[in-house]
Amino acid sequence: MPIRQLPPQLINQIAAGEVVERPASVVKELLENSLDAGARRIEVDIEGGGIRRILIRDDGGGIPEDELALALARHATSKITSLADLEAVGSLGFRGEALPSIASVSRLTLTSRSADAEHAFAVSSDGSDRVDAPKPAAHPQGTAVDVRDLFYNTPARRKFLRTEQTEFRHLEQVVKRIALSRFDVAMQMRHNQRASLRFDASDTRQGWEKRVAEVCGAPFIENAVFVDQQIGELRLWGWIARPTFSRSQADMQYFYINGRMARDKLIGHAVRQAYQDVLYHGRHPAFVLYLELDPTLVDVNAHPTKHEVRFRDQRRVHDFLFSTVHRALAEIRPGDEDSGAVPADHGLAGLTAMATTSLPPPTTPMMPPPTRYAVPTQGRISLPLREHIANYERLQSPRPEPGATPVGMSTDDSDAAPPLGFALAQLHGVFVLAQNAQGLVLVDMHAAHERISYERLKTALDGDGIRSQPLLVPVSVPVSAREADVAEQHAEDFQRLGMEIERSGPESLRVRSVPTLLAQSDPAALVRDVLADLIAEGSSSRLRESINEVLSTMACHGSVRANRRLTVPEMNALLRDMERTERSGQCNHGRPTWVQLDMAELDRLFLRGR
C-alpha cells in the first residue's frame, strides 16, 4: 500500500489510545489541567461510572475566548515554549494532547471564563476534527469540561470497558491519588447525583493527616511515622507505616515527585530495600511520600501517561530514598508516640486475625528466610565479633542507681514505668508479661532477643569491617560485554563489600576474593546477581543482604530459646535492651516482638463499665 498522510481525526484517536484508556484516564488528565490552571476548588460529577458523563469544574485562571478552539487542537499548550522549558517543566501536563485526544473519542463541551472577561464562552466537539466557533455561556471564572458518551465513535474500545461499578472504582482511586498531591486544593465528587468524596483544603499538618486518613483509612495514619529529610536539593517528606502495618498487596503506596503521581521501579526498589530487614516475607509496606528536587534533575517525559520518570542521577536518588526511610524505621523505639507495637485496637480477636490471616505461617518455626546462596555454619566464621551472642545470653541485669527501684521489682507508680514497663511474669517459657503506664505488654522473648542480637552483630560487623577471604583458585565468570563494563565501573563497590573482581577478557571476569561470611557461597551466582541489580537499578544491596542473612541465622541460633525460664531481673534486662535497640518492634523475619493492651482494651474484654 502507498504511504499516506493520516487524517487529523485518526491521528487524535491514535493518540487517545495512549492517553485515554478508560474514564479514569480522562479524569486524571482533566484534574491535572485544573491544577495547572491554579484551581483552588474542583468539582467532579460522574454519571454511569464516567462512561455516560464526566463533568469537571474548577475556579482556575480560565481560557480566553480566542484560545478556546486552540485548546482542542493537538500539540497546543500554554505550558512550554522551548526545549529549555521542557527540560525544567513544572506543570503536570505539557504535551497538549489530552483535550484533543479526549475530544476525538467523545462529545465534549469546553466552557471557560478568564479573569478579565465579562462572561464565559463555550466550544463543542462531536468527535470529528471540526470544532464549533465559541459561543457566549454562563459560567463563573474558571473552566468546565463536559465529556459525554466516551468511546461512542470507537465501539471496539468501548467493548473493553468494564462494568459501571468497576470503572467508577478506578476513577475514584485516581481522584484520591490526585487529592493527596495537593492538600491546598478542595475537591469533591458526586456519582449519579450522590456525594462520593469530599476533601477540604488545608495548610496544616493536622489537615493533611485528615486527608491522608480519608484516603488510606484511619488505621494507616494511626500507625504511620512522619518523615522529613533534606540533603542538598533533595527533600523527602510524608508518612511511612510501621512494619506491623503491612499489606498483602502493594495497594497503599502513594509516591509523588514534585507533586506528580509516580510509579517508578527505582523508587519501589529503594523503599522495599529500606523495609527489608523488618518486613515479613511476602508483605508490602504502606506509605504516602513526597520527593522534591530540582525539575532539571528528573525527566517526566519518559512515558505517555507520565507515571514513569527518569532521574539524571539514579544512584543518588535511590540512596537518598533508602537511607531516609531506613533511618526513620530504625529510630522507632518503644515509648515513642509512634511506637513499633502491634496495635490492639481490635482486641484479642484482631490479634488472632493478624496472626492467622495477615501473616502466612512459616514452614519451619523461627527459621530465617531461604537464601539462594549456601550459608556457612557459625563455627566457620572467623570474624572477631567479640562473641556478642554468648555474652548477651547471660542477660545480666544492670546495677540499679542508688535509691532507684530494683529492676526486678514492679512499682505502684505506673506513670514512672519505662516504655515497656516492668516484668511481672513469664508465660509458658515463651512470653514475658509486663506492666507499663498504658496497661499490659506482651513480649515474645525469643523474637525480641533475636532482634537485639542481630542488631549487635551488625554493629560489630560495621565496626570491624567486612573482611574478605582470598580464594585458593580464582573463579572465572563468563558475562556479557555490558556486564563486564559495569563490573569495571563498580570495582570499588565490590571491594568495599569484601569481593575482589577483575576483568579478564572482553566477556569474562575473575573473582579473587569473597566476603568471609559468604565463603561457602557460589561466587559466580553472587557476581551475576549483583551485576543484574546494578544494570536494572543503578545500585545493589545483594552482597550486604546475603551477609545479613548469615548474621540473622547466627542471631536466631544464639538467642534465648522457648521454654527457658528467666528471672525477673533477666526479663527486665530484656525489656530495657528492647527500648534501646533499633527496629526492636520486629524480629529478623518481620514478625512483631511485642503487643500492647491498654486498660480500656482490658476492660472491654471483661465487660467492665457495661
Side-chain angles (χ1 to χ4, degrees), residues 12-13 16-17 19-35 37 39 41-60 62-63 68 71-72 93 98-113 120-128 131-132 135 137-140 142-180 185-200 214-215 261 305:
N12 285 336
Q13 289 176 337
V19 178
V20 184
E21 179 184 358
R22 61 195 332 156
S25 310
V26 175
V27 171
K28 171 188 177 293
E29 298 293 341
L30 297 183
L31 285 178
E32 289 181 344
N33 280 347
S34 294
L35 293 176
R41 182 177 185 80
I42 303 175
E43 297 180 0
V44 182
D45 281 282
I46 303 299
E47 294 180 11
I51 301 171
R52 288 203 308 270
R53 189 185 190 194
I54 298 171
L55 173 61
I56 295 183
R57 292 184 292 260
D58 67 56
D59 62 352
I63 304 172
L68 276 174
L72 298 182
L99 276 177
S101 296
I102 296 168
S104 70
V105 290
S106 67
R107 296 185 173 94
L108 183 145
T109 300
L110 174 63
T111 307
S112 190
R113 178 181 175 182
F121 288 87
V123 294
S124 299
S125 171
D126 60 359
S128 66
V131 177
D132 296 337
K135 298 177 182 178
H139 195 278
T143 301
V145 183
D146 193 350
V147 179
R148 296 176 182 267
D149 302 327
L150 188 62
F151 299 135
Y152 83 97
N153 56 353
T154 52
R157 296 287 303 280
R158 187 153 183 155
K159 282 196 308 184
F160 283 95
L161 295 179
R162 304 301 182 186
T163 64
E164 176 181 322
Q165 289 182 335
T166 300
E167 293 300 337
F168 180 71
R169 282 199 300 269
H170 284 284
L171 189 154
E172 187 178 44
Q173 185 62 26
V174 165
V175 175
K176 288 180 177 179
R177 284 187 174 272
I178 291 183
L180 285 181
V185 177
M187 297 184 187
Q188 67 178 37
M189 182 170 71
R190 290 177 290 271
H191 184 219
N192 296 335
Q193 309 301 316
R194 300 180 65 178
S196 173
L197 295 174
R198 181 185 179 90
F199 302 108
D200 297 324
E214 289 170 340
V215 173
M261 295 187 296
T305 62

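The analysis underlying the following values was restricted to heavy atoms, covering all of them including side chains, and did not include hydrogens, waters or symmetry mates. Treat the numbers as computed from the prediction; the structure is a model and nothing was measured.
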Can you list the steps and then say if Ser104 with Ser101 is a side chain to side chain donor-acceptor pair (under 3.5 Å)? CA-CA 5 Å; Ser104 70; Ser101 296; 5.5 Å; no
Under 3.5 Å: donor-acceptor pair, side chain of Ser112, backbone of Ile63: yes
Taking every non-hydrogen atom, the tightest pair across Ser125 and Leu72: CB-CD1, 4.3 Å
Those residues at least two apart in sequence (or on a different chain) that pass ring pair (Phe, Tyr, Trp, His ring centres under 6.0 Å) with His170 are none
Would you call Arg107-Asp126 a salt bridge at under 4.0 Å N-O? no
Carboxylate-amine/guanidinium proximity below 4.0 Å for Arg41 and Asp59: no
Glu214: which residues meet the salt bridge (Lys or Arg N to Asp or Glu O under 4.0 Å) condition with it, sequence neighbours left out? Lys210
Hey, does the Lys NZ or Arg CZ of Arg158 hover above the aromatic six-ring of Tyr152, less than 6.0 Å from the centre and inside 45° of the axis? no
Taking His191 for its side chain and Phe168 for its backbone only, find out whether a donor-acceptor pair lies under 3.5 Å. no
Walk me through whether Ser34 and Asp58 qualify under side chain to side chain donor-acceptor pair (under 3.5 Å). CA-CA 6 Å; Ser34 294; Asp58 67 56; 2.7 Å; yes
Between Arg162 and Glu167, does any NZ, NE, NH1 or NH2 come within less than 4.0 Å of an OD or OE carboxylate oxygen? no
Any donor-acceptor pair under 3.5 Å linking the side chain of Thr163 with the backbone of Thr166? yes
Check: Val20 main-chain N/O paired with Arg157 side-chain donor or acceptor under 3.5 Å: yes
For Gly48, is there any backbone N or O sitting under 3.5 Å from a side-chain donor or acceptor partner on Asn192? yes
Residues forming a ring pair (Phe, Tyr, Trp, His ring centres under 6.0 Å) with Phe121, sequence neighbours excluded: His119
